[in-house]
J.: 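Mind looking over this structure? Questions follow.
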Amino acid sequence: MAQRVRWRESMRWLLGSFLIIGVVLAAQMESKAAAANNDGLVAWGKVYSVVTSPRCINCHTATNHPEQGDDRHRHFANVVRGPEGRGVPALQCVTCHQATNADSTGVPGAHGWHLAPLSMRWQDNSDKPLSSAAVCRSLRSQTVDLINHHSEEPLVRWAWNPGLRPDGTARALPPLTHDEFVEATRIWIEAGKPCPKGHLR
Amino acid sequence: MTTWQLTVNGQRKEVAVDPGTPLLWVLREELKLTGTKYGCGIGACGACTVHLDGVATRSCLVPVGLIGDRPVVTIEGIGQDPCGRAVQDAWVDRDVVQCGYCQSGQIMSAVALLKAVPKPTDEIIEESMGGNLCRCATYVRIRETIKSASEHLT
């Protein structure tokens with residue numbers, strides 16, 4: 001009889017211990033997930049600061065034309081998007097933009113100069129940048145390899161080597177270095193691509 | 001100062017200029033091909049348009065150092081091409097020109113358009129020729145002449 005009581009007590013202790021360990025582990029996991037989510041959101045904020053900088057967002061328009069300059073004004077010379085984002089037959093992007101910057105004439109250039117597709121528009125039809133939540137969800141739904149895109153794509157890399165303006169002064173750079181941008185992208189992806197809450201416009 | 005080998009209108013040319021020199025000035029000053037015009041110097045008017053490897057290109061913006069081995073065709077050479085000939089003939093037939101200053105650039109853009117889109121609509125003409133300005137406002141005649149030239153192209 002006494003042996004059975006001891007056995008029951010032992011089992012209670014054992015089950016209680018498992019329960020406590022389980023609760024602690026679950027809390028730790030939740031805490032880790034929350035921390036990762038938080039790190040991801042911080043990283044996303046950095047990514048957003050770059051993709052909405054003029055060097056990037058000027059070619060991620062929702063309209064029929066690109067923008068130019070730090071004030072993001074409409075591209076001059078009646079330039080239009082065209083069916084593939086590369087302009088139209090006699091007025092292509094490469095009508096002016098070469099494979100590298102033309103610093104003597106102030107024309108920026110990189111291999112394959114073109115507008116981002118409308119599926120990657122980061123502005124509304126009034127040329128206002130979309131919210132952080134909206135751009136985040138858009139980027140999250142893209143099927144491209146974002147790490148590779150952000151680290152290797154010539155037009156992305158161009159943003160950190162944007163050449164000289166026609167007046168000979170240097171174009172402004174994005175707010176992070178390229179390495180910081182790629183690292184922030186990696187952290188955001190590894191955290192599960194968390195997006196901030198907010199309106200989607 | 002660097003020496004550059006260029007192919008212009010099918011001929012090999014050699015020029016010694018700074019790599020940042022715009023192609024326009026190589027054509028006009030070094031090679032004396034003055035059919036290509038200086039208009040704005042910032043790519044806004046289209047008067048300086050030439051073909052660089054078949055692409056309508058603003059020669060005022062492209063430094064000679066970035067041309068590489070891509071062939072250059074100017075208004076002096078575009079008539080050797082059947083499409084170019086058809087456009088130039090249509091231009092004469094329709095008497096498009098008023099003052100004429102912008103017309104070499106207009107023709108170079110028109111040829112690039114017709115090579116890409118042999119039967120262009122009004123909308124495509126408007127968009128493609130939108131970077132070529134004409135202070136005499138010959139736009140209506142240009143549009144009709146591009147259509148006329150397209151009828152002579154198979």
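Lettering follows sequence order; numbering is per chain, from 1.
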J.: As an exercise: rank B/G46, B/P63, B/C60, B/G65 by heavy-atom pairs under 4.5 Å with chain A and give me the winner.
T.: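 The option with the most such pairs is B/P63.
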
J.: List, with distances to 0.1 Å, the donor-acceptor pairs found between chain A and chain B - the cut-off being under 3.5 Å and no angle criterion applied.
T.:
from, atom 1, to, atom 2, distance (Å)
A/N78, ND2, B/G130, O, 2.7
A/T95, O, B/R58, N, 3.0
A/T95, OG1, B/A56, O, 2.8
A/Q98, OE1, B/R70, NH1, 3.1
A/Q98, OE1, B/R70, NH2, 2.7
A/S104, OG, B/G20, O, 2.7
A/T105, OG1, B/L61, O, 2.7

J.: Just by modelled atom types, is the A/P117 backbone N or O under 3.5 Å from a matching donor or acceptor in the A/H60 side chain?
T.: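 The answer is no, because no donor-acceptor pair under 3.5 Å joins these two groups.
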
J.: Would you list the pairs meeting disulfide bond (SG atoms under 2.5 Å apart) in which at least one residue belongs to residues 65-146 of chain A, sequence neighbours left out?
T.: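 Counting only pairs at least two positions apart or across chains, the disulfide bond (SG atoms under 2.5 Å apart) contacts touching residues 65-146 of chain A are A/C136-A/C195.
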
J.: Does anything in residues 45-82 of chain A pair up under disulfide bond (SG atoms under 2.5 Å apart), and if so which pairs, sequence neighbours excluded?
T.: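 Disulfide bond (SG atoms under 2.5 Å apart) check on residues 45-82 of chain A returns no pairs.
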
J.: Between B/L66, B/L52, B/V55, B/L113, who has the most heavy-atom pairs with chain A when the cutoff is under 4.5 Å?
T.: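 Ranked by heavy-atom pairs under 4.5 Å with chain A, first place is B/L66.
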
J.: Check whether A/R140 reaches the backbone of A/R137 with its side chain - one donor and one acceptor, N or O, closer than 3.5 Å.
T.: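 Here the side-chain-to-backbone pair does not exist.
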
J.: Whether the side chain of A/Q142 engages the backbone of A/L139 through a donor-acceptor N/O pair (distance < 3.5 Å, no angle test) should be reported.
T.: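 Pair absent, no side-chain N/O of A/Q142 close to backbone of A/L139.
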
J.: Under the disulfide bond (SG atoms under 2.5 Å apart) definition, can you give me all pairs with a residue in residues 83-126 of chain B, not counting sequence neighbours?
T.: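 Those involving residues 83-126 of chain B do not exist here.
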
J.: Would you compute the distance between atom CD1 of A/I189 and atom CH2 of A/W44 and round it to the nearest 0.5 angstrom?
T.: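 Those atoms lie 10.5 Å apart.
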
